[in-house]
Amino acid sequence: AVGLVVGAAPLPLGEVIAGLGDPAGPVGVIVWQLRMPRVLLAFLVGGALGISGAAPSAPDLMELMRRDTETEVRGCAALALGRTQAPGVVEALEEALLSRRSSFVADYAAIALGLTGRKEALAPLVRGLDSKQFDLISSCAAGIAILGRPEGMEPLRRTLENRHHAIVREYAAVAIG
């Protein structure tokens with residue numbers, strides 16, 4: 001799950017997998033005590049909505065993403081928005097991505113922009129690659145990879161060549177393939 005990899009402390013996928021097997025280690029504590037509860041909450045909320053037949057509208061999801069007091073709810077709303085085709089979705093996700101009110105929501109907004117599949121989602125993701133925040137850069141690289149647009153590969157190559165942070169390089173390299 002994306003929620004185990006992205007967060008305020010960027011972690012390579014290999015470390016997350018190792019942390020799953022060592023709950024007492026430093027990475028295991030982050031994975032099991034901080035990220036796993038958020039992932040489980042997202043699955044439970046999504047499952048409950050699915051069982052109840054509730055389908056929040058895109059405007060409702062945008063409002064949740066902007067205004068809810070719970071960071072996890074805002075992040076889940078961003079991910080749900082990424083799967084809608086409603087007008088204004090890319091703009092709302094871009095606002096969440098670049099406002100940096102919450103790194104968790106910004107990370108999820110980057111992934112959600114990739115999920116939209118829309119050409120106009122590429123520009124905010126590329127702008128995010130210029131951030132000083134390693135977690136945001138990594139999430140934007142993942143979003144570009146998910147988006148899968150060929151014109152996104154050149155910004156990823158530049159990120160790979162110009163960034164010295166190992167995790168950013170790893171995400172850019174994985175995104176390029």
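Excluded from the calculations below are hydrogen atoms, water molecules and symmetry mates; all remaining heavy atoms, backbone and side chain alike, are included.
- In this structure, OG on S139 lies 8.5 Å from CG on L97, to the nearest 0.5 angstrom.
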Could you pull out every donor-acceptor pair under 3.5 Å between side chains of residues 24-34 and any protein atom, sequence neighbours left out?
residue	atom	partner	partner atom	Å
W32	NE1	G19	O	3.3
W32	NE1	L20	O	3.1

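- In plain terms, the two heavy atoms of G114 and L125 that are nearest each other are N-CD1, 4.2 Å.
- The minimum heavy-atom distance between L64 and V73, with the atom names listed, is CD2-CG1, 4.1 Å.
- With rounding to the nearest 0.5 angstrom, the OG1 atom of T159 is 7.0 Å from the CD1 atom of I144.
- If you take CZ on F104 and CZ on R74, they are separated by 9.5 Å, rounding to the nearest 0.5 Å.
- Contacts of E63 classified as side-chain contact (heavy atoms from CB on, under 4.5 Å), with partners at least two apart in sequence or in another chain: R67.
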Atom pairs and distances, donor-acceptor, side-chain atoms in residues 147-155, under 3.5 Å, two or more places apart:
residue	atom	partner	partner atom	Å
R149	NE	E151	OE2	3.1

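- Taking every heavy atom of both residues into account, L61 and A80 meet most closely at CD1-CB, 3.8 Å.
- Atom CG in L98 sits 9.0 Å away from atom OG in S131 (nearest 0.5 Å).
- Across all their heavy atoms, V105 and A96 have their closest contact at CG1-CB, 4.1 Å.
- For the side-chain contact (heavy atoms from CB on, under 4.5 Å) test, no residue two or more places apart in sequence or in another chain qualifies with A18.
- To the nearest 0.5 Å, atoms CG (L129) and CG (L156) are separated by 6.0 Å.
- Partners of R127 under the salt bridge (Lys or Arg N to Asp or Glu O under 4.0 Å) rule, at least two apart in sequence or in another chain, are E94.
- A distance of 10.0 Å separates CG in L113 from CD1 in I146, rounded to the nearest 0.5 Å.
- Annotation: side-chain contact (heavy atoms from CB on, under 4.5 Å) contacts of R66 (sequence neighbours excluded): M62, A92, E95.
- Scanning both residues, G143 and I111, for their nearest heavy atoms gives N-CD1, 4.3 Å.
- In this structure, A58 and A86 approach most closely via the heavy-atom pair CB-CB, 3.3 Å.
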